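Written out below as structure tokens is the structure these notes cover.
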Amino acid sequence: MAIEQVKEYLAGFGLADRVIEFTQSSATVAEAAADLGCEPARIAKTMAFDVAGQPALIVIAGDGKVDNPKFKAKFHCKASMIRPENLVEQVGHPMGGVCPFDIRPGVPVYLDESLRRFDVVFPAAGTAASAVRLTVPELERAVQNFAGWVDIAKGWQA
């Protein structure tokens with residue numbers, strides 16, 4: 001089961017006890033925020049993109065949206081999401097549970113600047129009914145295949 005693999009992965013960082021499981025879906029930002037009792041912006045949504053034929057993950061604050069010109073300037077291609085039916089094969093997690101932990105080898109993970117304003121954020125933990133409570137430095141440390149910080153989100157600045 002994906003959540004057990006994510007817990008095992010996070011145990012290597014001393015963070016397995018931060019995983020939270022829900023009895024209902026937390027697959028959307030709104031659902032996760034309601035389940036956790038936090039503001040939607042603190043949900044660290046992991047988005048899966050096809051970048052020049054290869055998968056890449058970008059973790060963005062819940063209130064951020066992809067800014068297409070910024071994405072193209074950074075990755076030199078149009079922002080194109082990986083199709084839901086290809087997520088497990090290409091990334092390692094199903095839709096609603098995509099996270100930056102225990103993913104397929106070689107898939108780069110970027111963190112968006114929209115996350116830096118928070119002390120604590122909540123990415124998914126491999127299923128559509130899970131999350132993990134992490135500080136931003138813990139998230140940066142625990143992300144598999146960390147490729148760096150990017151600024152590709154819009155709509156979150158004051």
Side-chain angles (χ1 to χ4, degrees), residues 1-13 15-16 18-19 25-29 31-32 40-118 121-157:
M1 188 170 177
I3 195 161
E4 295 307 321
Q5 293 167 311
V6 169
K7 284 181 184 178
E8 185 176 316
Y9 173 83
L10 290 172
F13 299 91
L15 301 169
R18 307 284 188 80
V19 174
S25 176
S26 61
T28 68
V29 169
E31 289 171 341
R42 288 185 181 269
I43 303 304
K45 58 187 177 186
T46 305
M47 302 178 75
F49 293 94
D50 180 314
V51 176
Q54 298 298 317
L57 299 178
I58 304 175
V59 185
I60 300 174
D63 60 348
K65 296 180 185 198
V66 175
D67 183 308
N68 288 315
K70 285 182 175 183
F71 186 98
K72 189 168 187 175
K74 172 65 181 171
F75 296 105
H76 312 291
C77 64
K78 182 180 174 187
S80 175
M81 302 282 298
I82 294 175
R83 296 176 59 88
E85 62 269 19
N86 297 330
L87 285 170
V88 173
E89 177 187 333
Q90 292 187 312
V91 176
H93 296 293
M95 186 169 179
V98 175
C99 65
F101 319 112
D102 190 49
I103 58 174
R104 298 275 185 243
V107 176
V109 178
Y110 299 88
L111 299 179
D112 186 76
E113 291 291 330
S114 59
L115 297 168
R116 287 196 196 256
R117 64 195 150 130
F118 299 113
V121 294
F122 299 91
T127 69
S130 66
V132 57
R133 182 186 192 281
L134 298 171
T135 66
V136 172
E138 288 170 337
L139 174 63
E140 183 178 8
R141 184 171 50 96
V143 161
Q144 187 174 344
N145 306 327
F146 181 57
W149 285 88
V150 294
D151 180 12
I152 60 116
K154 65 180 179 180
W156 61 272
Q157 297 96 335

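This is a predicted model, so every value here is computed, not measured.
- The CG atom of Leu111 sits 8.0 Å away from the CZ atom of Arg116 when rounded to the nearest 0.5 Å.
- Looking at Val51 and Cys77, their side chains come closer than 4.5 Å, going by heavy atoms from C-beta outward.
- Here the CG atom belonging to Asn86 is positioned 9.5 Å from the CG atom belonging to Asp50, to the nearest 0.5 angstrom.
- Looking at Lys70 and Asp151, their side chains come closer than 4.5 Å, going by heavy atoms from C-beta outward.
- Here the closest non-hydrogen pair linking Pro40 and Val29 is O-CG1, 3.5 Å.
- The number of heavy atoms from other shown groups lying within 6.0 Å of CZ (Arg141) is above 12.
- Among all heavy-atom pairs drawn from Leu87 and Pro94, the shortest one is CD1-C, 4.3 Å.
- Residues Phe118 and Val121 approach most closely at CB-CG1, 3.8 Å, considering heavy atoms.
- Counting all heavy atoms, side chain and backbone alike, Leu139 lies closest to Pro123 at CD1-CG, 4.2 Å.
- Annotation for Ile82 and Pro55: closest pair CD1-CB, 3.6 Å, computed over non-hydrogen atoms.
- In this structure, CG on Leu115 lies 11.0 Å from CD1 on Ile43, to the nearest 0.5 angstrom.
- For the atom pair Lys154 NZ and Asn68 CG, the distance stands at 6.5 Å (nearest 0.5 Å).
- Within the 3.5 Å criterion, the main-chain N or O of Ser130 finds a donor-acceptor partner in the side chain of Ser26.
- His93 pairs in a side chain to side chain contact (heavy atoms under 4.5 Å, CB included) with only one of the listed residues (Thr46, Val6, Thr127), which is Val6.
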Please assess Glu113 against Trp156 for the test side chain to side chain donor-acceptor pair (under 3.5 Å), listing each intermediate value before the final yes or no. CA-CA 10 Å; Glu113 291 291 330; Trp156 61 272; over 6 Å; no
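- Lys45 contributes a side-chain N or O that, together with a main-chain N or O of Gly64, makes up a donor-acceptor pair within less than 3.5 Å.
- Here the straight-line distance linking atom CZ of Arg117 with atom CD of Gln157 works out to 8.0 Å at 0.5 Å rounding.
- Phe122 and Ala131 make their closest contact through CB-CB, 4.5 Å (heavy atoms, listed as atom of the first residue, atom of the second, distance).
- Formation of a donor-acceptor pair under 3.5 Å by the Ser114 side chain with backbone atoms of Ala61 is found in this model.
- Partners of Arg42 under the side-chain hydrogen bond (donor to acceptor under 3.5 Å, both in side chains) rule, at least two apart in sequence or in another chain, are Glu39, Asp119.
- When the ring pair (Phe, Tyr, Trp, His ring centres under 6.0 Å) test is applied to Phe71, the partners found at least two apart in sequence or on another chain are Phe49, Phe75.
- By the 30° and 60° cut-offs, the orientation of the rings of Trp149 relative to Phe146 is perpendicular.
- At distances below 3.5 Å, not a single donor-acceptor pair connects side-chain atoms of Arg133 with backbone N or O atoms of Arg18.
- Distance NZ/Lys74 to CG/Asp67: 14.5 Å, rounded to 0.5 Å.
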Name every donor-acceptor pair, under 3.5 Å, that has one atom in a side chain of residues 95-110 and the other anywhere in the protein, sequence neighbours excluded.
| residue | atom | partner | partner atom | Å |
| --- | --- | --- | --- | --- |
| Arg104 | NE | Val88 | O | 3.3 |
| Arg104 | NE | Glu89 | O | 3.1 |
| Arg104 | NH2 | Val88 | O | 2.8 |

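- Put simply, the side chain of Ile152 reaches to within 4.5 Å of the side chain of Ile60, judged on heavy atoms.
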